[in-house]
**Q** 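Before we start, here is the structure in question, set down as C-alpha cells.
As the structure lists them, so they are numbered: ligands from 1, and atoms in each ligand from 1. Both backbone and side-chain heavy atoms feed into the values below; hydrogens, waters and symmetry mates do not. Sequence positions, counted from 1, serve as the residue numbers for this chain.
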Amino acid sequence: MADSPAQFRGQARLPRFAAPLRYDLRLRPDLAACTFSGAAAVAVAVSAPTRFLVLNAAELDVGRASIRFQDLAPTDVTQFEEDEILVIGFDRELPIGEGVLAMDFTGTLNDQMRGFYRSKYVCNGESRNMAVTQFEAADARRCFPCWDEPAFKAKFKLTLEVPSDLVALSNMPVAKETVSGPIKTVFYEESPLMSTYLVAIVVGLFDYIESSTSEGTKVRVYTQVGKTNQGKFALDVGVKSLDLYKDYFATPYPLPKLDMIAIPDFAAGAMENYGLVTYRETALLYDELLSSASNKQQVAITVAHELAHQWFGNLVTMEWWTHLWLNEGFASWVSYLAVDSLFPEWNNWTQFLDETTSGLRLDALAESHPIEVEINHASEIDAIFDSISYDKGASVIRMLQSYLGAERFQKALASYIKKYAYSNAKTEDLWAVLEEESGEPVKDLMTTWTKQQGYPVIYAKLNGHDLELEQAQFLSDGSSGTGTWIVPITFCCGSYDAQKKFLLKEKTDKMHIKEFTASQSSDGDKNIWIKLNIDQTGFYRVKYDDELAAGLVNAIKAKKLSLMDKIGIVEDSYALSVARKQTLTSLLRLLNAYHDESDYTVCLSISKISVDATPDLNNDIKQLLINLLLPAAIKLGWDPKDGESHLDVMLRSLLLIALVRLGHNETINEGVRRFHIFFEDRKTSLLPPDTRKAAYLAVMRTVSTSNRSGYDALLKIYRETAEPQEKSRVLGSLSSSPDKDIVLEALNFMFTDEVRNQDSYYILGGISLEGREVAWTWLKTNWDHVLKTWRSSSLISDFINSIVSPFTSEEKAAEVSEFFACRIKPSFLRALKQSLERVRISARWIESIRSEPSLGEAVQELLQGAA
Ligand code: BES
Ligand code: ZN
C-alpha cells in the first residue's frame, strides 16, 4: 500500500510533493461530434522524493502511451474515478527540480453545463453548437488533467484549433493566429499565475462591442450575432467598475484585456473567469425596450460582482474551498459598493438588507453551517455556494467595515491585495492584515462569526436607567443554541444624533444610559425609543421587552426611523414570531404601523411575510397585508409616469405581484384586462416589461383545465419571443395556477426540449400553494429522470427546496425523508436537510398560532381599524 497508487485514494487534497508551474495546453474541439482532443505539457516542480505524480482527471481518456515525464515513460497509470485522480507511477524516484509532464487525451463536450460543454444557439435560422467551459468549482479536470485546486497556481499558455469562421476566446489576448483551410490555430499569450478553476474557453459565432478603461484596458462584450446593442449597458458598467476597483484596491486590473460574454446554456448566473467572464444571457443583456428595471439592476450587480472577483478571487485566491466566502462574500459586498457609487439613486445599501435577510433566515436553521466549512471531497464544494457564503459572508463584512470605519477598512484591504497578489490567502490572513492596520482585535471578533454557525438574538430591556442586554443563539425552531459571539452593538436613543457603540463580549452586559434618556424631549418617557443595531449593520436579531417595543412602534408611526431600521424591526419580529418567541398577534399589530409605507425595500420585506394559519384566518391575514400594500399600489397605478424613479418602477412591479399573489381581485382583473390587450398587440404601452410579470401571474390565477386559454396564450408568447428575460417571466408564471392539472402540465413542460435545463428553476419557483401536493407526487414519479438530467449541477437542489419547503406538517416531513432515505447524494443532502427542517418549523409555528388566544379578535380589530 505504502508504495502503491492506492495510497492516494480517499484524500481531501492532492499530495504536495509535486506542483505545476506552467501549463502548455492545446485543445481541438469538434463542435459537430461534441468531442475534443488535447495535448498538455506541464512544467512541474518536484520538491520531495517520489516515484509518483498525482493530479486530477475526470471523464477524460488519457492516452497512456503518450505520457512522459521528461524522457521517462511511466510504469503504471491508474485513474481512480471516484477520487477523480490520475496516479502516474515511474520505476524510479523522480529527480528533485523541474521537469515536463506531457500527455494526450480526449473527452466529450457534454450537455451538463460543466467542464468543457456544448451550448446550443440559433444563428440565421440555423441551429448550432458552441463550446464553452465552466470550471468552478472542480471541473477543469474534466477538460484537461491538472492539479485542480485553487492553491496550485500556475501560468497557462493555451492553443486552440477551431473552425476558421468561429470566434475563439480565452483568458488572454491572441498572440498569433494561423489558418490552414477550414481550421485555424489560435495561440494565446501566457497568463500570469492563476488557479485552474479560472481558466476559460469559448468557441462560437459572436459579435462584439468594445470600449476601454482610463488605464487603456480593452473591454469587450460579446453577444449573439446582431445583438450587440443589448451589451451596451453591461459594457458601460464593466468599464466603470474596473476603474472604480483599481482605485478601491489601489491595484491596477491585472490582465491586458477583459471580455464578457453571454452563454445560452449556463448553470449559474455568471462566472468570473480571469479576463473572460461568462454570463447567463439574462444577467448580461439589457434592452431599453424589452428589459425591466429589476433586470437592469441585476445586470449591474452581476457585472460588478464578477469584476470584483478579478481582484478578490482571481488575483488573490482562497487557499482552499473552506475559504470560499472570501471570494463570494467579498464580491457580493463590494458589488453593492460599486453599484451604489454608479447609481446612487437606487438606494443600494438599503436593498442590501434583502441579502442580509436571506443570510439570517438560512443561518437560523440547525442545518446551517459555519462560514468557514470543512471540505473533504470535491463533491461537497457545490453545496456551499449558498446564502451563508454569499449573504452572511457579505453581511459580516459590512458589519466589520462599519465597526472599523470605511477608510481604515479600505486601506487594509488594499494592503491585503498587495500582500497576497498572485498567491493564496486564508480567512485569518485577512484578519491579520486588518488587525495590524486598525489596531482592533479583528481576529477574535470575526472568528466568532466565521468559525461558528448561527448568530445571536439580543434580548434588550430597560431597567431604570440601565439598558440590559443578553445574547443567545437564535434558531427558527425556537430552541436556543449554545454559541456566544463578540457582538458589535450599536444603539441610538430618541434620535440618530445620540448613538453609542460597544462590543458585547459576554452573555450579558448592561449600559447606563441616563445621559441619553435625560436629553429626551420634555414629553417625558412616552416618547423614548431605543433602536439597537442601527441601520442593521450587525448580523444579529433583537428582541425588545414590551416597553421598548411599544416605544419603537410609536417611533415608526411618528416617522422617526431610518428605512433600514424599519426593515430590521419587521424582519426581526417576523423571525421571532416564526420561532414562537413572540405572538403572531404582536407581529400583526406591529405591521399595522407600516400602513402607508411606500419604500421599495420596506415593502419587499413586508411582501415576504407569509403566514399559514387556519383557512379562515388565512384570508383575513391576507386581507391585512393587502390593506398595507394597497395604498402605495394605488398611488403608483399600472402605468409608468414620466420621470419617475427607478425605485418607483421596481416598487410598482413588486406591489402588483404581491397583490396578485395575495388574491386581490381588482388587481387580478386589471392584470387580466391588460394581458388581453397585450396579447393582441405586443407593442401596446399598457403592459411594459415592468408590469408584465404581474399580469402573467394574474392570468394564471384565472386558468383552470376547463378555462385554459390564458395558459395557452402564455405558451404562445413564450414560443414567439427570442428574449431570455421575457421567456423567464413566462416560465415563472406557468406553474402558479390554482388548478392542479395545469401545475402538472407546467412541470412536465420543463422536460420538453423547449425549456433549457438551466431554466428549470423558474418553473419550480412559481408553483402555487394549491399545486404543492401534485408537485411532490410529480417529483417522486420523475425523480430518476430529474437526477439523470440535473445530476451534476447545483440546480438539483432547487427541485428539493422549491417542492419540499412549502409543506407545513410533520407527516409530510416524515414522508419526504422516507422517500429520500435510499436516494440521497452529497450534492443535495444539505438542501434536503434544510428543507425538512423548514417544514418542521412551519408545522410547529402553525400549531402555536392556532392556540394563540386573542389572535382572531385582534385580526378583526385590525381589519376594522383599517376600513
Ligand atoms: N463564482 C460564482 C459562480 C459559481 C457559482 C460557480 C456556483 C460555481 C458554482 C460567481 O462569481 C457568482 O457568484 N455568480 C452569482 C452572481 C452574483 C451576482 C451573486 C450567481 O451565479 O448567481
Ligand atoms: Zn461570485
**Q** Ignoring hydrogens, what is the shortest heavy-atom contact between Asn327 and Gly313? Give both atom names and the distance.
**A**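 Scanning both residues completely, I find the closest heavy atoms to be OD1-CA, 3.0 Å.
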
**Q** Please determine if Glu319 and Arg13 form a salt bridge, counting it only when a charged side-chain N lies under 4.0 Å from a carboxylate O.
**A**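 Looking at Arg13 together with Glu319, the answer is yes, because their closest N to O distance falls below 4.0 Å.
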
**Q** Would Ala270 count as a polar contact of ligand 1, with the cut-off being nitrogen or oxygen pairs under 3.5 Å?
**A**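 Yes; at least one N/O pair falls below 3.5 Å.
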
**Q** Could you verify whether a donor N or O on one side chain and an acceptor N or O on the other, from Ser368 and Gln453, lie under 3.5 Å apart?
**A**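 No, because no side-chain N or O of Ser368 sits under 3.5 Å from a partner of the opposite role on Gln453.
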
**Q** Considering both backbone and side-chain atoms of Glu136, is one of its nitrogen or oxygen atoms within less than 3.5 Å of a nitrogen or oxygen in ligand 1?
**A**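 Yes; at least one N/O pair falls below 3.5 Å.
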
**Q** Mind checking whether Phe343 and Trp346 have parallel, tilted or perpendicular rings, split at 30° and 60°?
**A**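 Aromatic pair Phe343/Trp346 classed parallel.
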
**Q** Answer yes or no: does an N/O atom from Thr302 fall short of 3.5 Å to an N/O atom of ligand 1?
**A**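 For ligand 1, there is no N or O atom that lies under 3.5 Å from one belonging to Thr302.
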
**Q** Would you say Tyr390 has any N or O atom under 3.5 Å from an N or O of ligand 1, going by distance alone?
**A**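 Yes; the residue has a nitrogen or oxygen that sits under 3.5 Å from a nitrogen or oxygen of the ligand.
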
**Q** For ligand 1, is there an N or O atom under 3.5 Å from any N or O atom of Glu328?
**A**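 There is such a contact, yes.
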
**Q** Does the shortest distance from the Zn ion (ligand 2) to an N/O/S atom of Glu328 fall below 2.8 Å?
**A**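 Yes, Glu328 qualifies, because one of its backbone or side-chain N, O or S atoms lies under 2.8 Å.
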
**Q** Do any N/O atoms on Gln298 end up under 3.5 angstrom from N/O atoms on ligand 1?
**A**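 There is no such contact.
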
**Q** Does Arg280 have a non-hydrogen atom less than 4.0 Å from ligand 1?
**A**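 No heavy atom of Arg280 comes that close to ligand 1.
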
**Q** Ignoring hydrogens, what is the shortest heavy-atom contact between Val237 and Leu342? Give both atom names and the distance.
**A**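 Smallest interatomic distance, heavy atoms only, reads CG1-CD1, 4.1 Å.
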
**Q** Is there a polar contact between ligand 1 and Gly269, counting only N or O atoms under 3.5 Å apart?
**A**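 For ligand 1, there is an N or O atom that lies under 3.5 Å from one belonging to Gly269.
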
